[in-house]
Colleague: 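First, the structure itself, so that you have it in front of you.
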Amino acid sequence: MSAVKVVLPDNSELELPDGATGLDAARAIGPKLAEQAVLVRSNGAVRDLRLPVEDGERIQFLTTRDKDDPDALYVLRHSSAHLLAEAVRRLYPGVKIAIGPPIEQGFYYDFEFPEPINEADLERIEAEIRRELAEGREWSRAEVSADDARARFRGEGEPYKVELVDTAEGAISLYTQGDFTDLCRGPHLQNSKPIKALKLTGLAGAYWRGDERNTQLTRIYGTAFYSQEDLDAHLERLEEARRRDHRRLGVQLDLFHFDEHSPGSPFWHPKGMAIWNELEDLRRRENARRGYSEVKTPLIYDQALWVTSGHWEKFRENMFLIPLGGDAEGGEQVYGIKPMNCPGHMLLFGSGLRSYRELPLRYAEAAPLHRNELAGALHGLTRVRHVTQDDAHIFCTREQIASELDGCVDYLRYLYGIFGLEARAEFSTRPDDKLGSDEEWDFSEGELQAALERNEIPYEVGAGEGSFYGPKIDLHATDALGRSWQLGTIQLDRQMPARFGLTYVGPDNAEHPVFVIHRALFGSLERFVGIITEHYAGAFPFWLAPVQVRILPVGLDHREAARGLARRLAPYRIEVDESDETVGKRIRNAEVDKVPFAIVYGDKESDGALAVRERGGEQTTESLIDLRARLATLEPWQAGAEPSLTS
Ligand SMILES: [Zn+2]
Ligand SMILES: [Zn+2]
């Protein structure tokens, strides 16, 4: 019998009989390791312990002690999802099971229940899983033919599994624990002992395969950890995230809402609009200061335009298309609502002969864009169909690229600094479906990478994740809770201007190809409002706050004076709270509404002595003149601090 050799992390070699599994290798090292092992990791990929090792490969064991390792958590949570499915099948005869993967914060499993279930059912299901854990479960793995798998799941009345077998690629494996067998690639734990803490966290609707034309299933979310302390810490973080959830705060602070008549398209209420307009003002002011020109281009274009831009081929699935009746030949004309501003700006640039003296030309437009995101992917303001980018396209010569990229970096540092957002950069390179040649991409990628290096911005590389027309730098910000969000993007493109035949006349009187930098710094304004709502937990800084000052007249007699004070505080956003609540209650309401300043106005107050209460602080006495001077220091350009760009 021949042998295989594997290399361990300490560089020692281990010889094993041919066909030995990861578990065999662990046993050869020691019984304790074999007991605690949860996964084999080799070359960054993870593998089930039950699978054979390969000759010459370097392997590492993950064990129950790697309790914070994402791979170790994934296998624990994936196995937990199977326990959930086992419990649900036992408790709800007739239920059909779909898929149950691990996700970043836990796991889920999708079911089609014969009768709808509600939150209260979760306790019952969780109790059943706890019973399974107390009993103990072992996982076994088997490979079967597609026919056998199909027959098995058809016999069990599991149509979703049959469909998954039909579309499966490669070997089909089944994992069994207790009386439950699932179609699954694994990997899985050896047994349920490492699952020390498990909690079902919620219910949601989810379409089969994420497609709204399919049956709506019930998704049960849960999470699991290698220790109870880890679960407790996680639940605390969840509670904080819930407290900050922009969808909840959006309702509480009366900022926006959604309606089923236009999914994924926010309705901005007056208070939300106040925030929106402040961001727009900031954008306009800075654009003007930095040499951008505001433009406005149409929202819908004919199919020919989208064919030229490449969107028809590469992005049509994500576009809203409008058939517009017959043309001269009697055929249907199809128009598309713009998902991006670029093609319109290309037409604008191409509307006249351009000289090198005009370059760089920086067109800015924050037009509403529409992208047909799947209903299941929509999420509050962070994933919408109606999206407004703080978009700009910089048309420049090859020689101007570097300084224009530096200008974009300076701009975004300034912008993120105002919000105290820490950004990190991801550099995305040529995708498989790229337009243009490798030489062209070498140049564009080189320019972006050089800009990152020159500006000392740490970055990660997202190989193959660029746009189809060019490489990009994506900026991700980390919010106050340490969660990462995609914000802006800077992309260098020579494809789209070439497709539109855009050139400029150089000093040599010859035509030269023009380059385009696409850049959005807030990214989507909708998403940005969502992110900063969570970042500030709804307590917006003074300049952004929907209501900046609330005046509370003590009695009926003070209302007229309070209104006068409000007029003298213009142009700030002022409210006079004339409700019949007690002063104490109204002060508390101002805190709940996160209003930055509340002014109590009674007999003792006058312009010379106002009772001013700053959010979260004590009441102080201040003259109107002093207060106005103080408010004037709270503008965004004074709030800006140098941000740090971290990796
Ligand atoms: Zn599975
Ligand atoms: Zn663009």
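Counting starts at 1 for both ligands and their atoms, in listed order.
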Colleague: Name the one of Tyr292, Phe349, Phe395 that satisfies ring pair (Phe, Tyr, Trp, His ring centres under 6.0 Å) with Tyr363?
Modeller: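 For Tyr363, the ring pair (Phe, Tyr, Trp, His ring centres under 6.0 Å) test succeeds with only one of Tyr292, Phe349, Phe395, which is Phe395.
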Colleague: What is the ND1(His518)-the Zn ion (ligand 2)-NE2(His393) angle, to the nearest 10 degrees?
Modeller: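 Computed angle, vertex at the Zn ion (ligand 2), rounded to 10 degrees: 90°.
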Colleague: Distance check below 2.8 Å: does His188 bring an N, O or S atom to the Zn ion (ligand 1)?
Modeller: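 So His188 does not bind the Zn ion (ligand 1) by this criterion.
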Colleague: Distance only, no hydrogens: is a donor on one side chain within 3.5 Å (strictly under) of an acceptor on the other, for Arg209 and Thr167?
Modeller: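 Judged by distance alone, the side chains do pair up.
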Colleague: With the Zn ion (ligand 1) at the center, what angle do SG from Cys184 and NE2 from His78 span, rounded to 10 degrees?
Modeller: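 The two atoms form an angle at the metal of about 100°.
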Colleague: When the ring planes of His78 and His188 are compared, do they come out parallel, tilted or perpendicular, using 30° and 60° as the limits?
Modeller: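 The arrangement is tilted - the two ring planes meet at 30° to 60°.
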Colleague: So, Arg219 and Asp110, do they make that salt bridge, N to O below 4.0 Å?
Modeller: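 Answer for the salt bridge query: yes.
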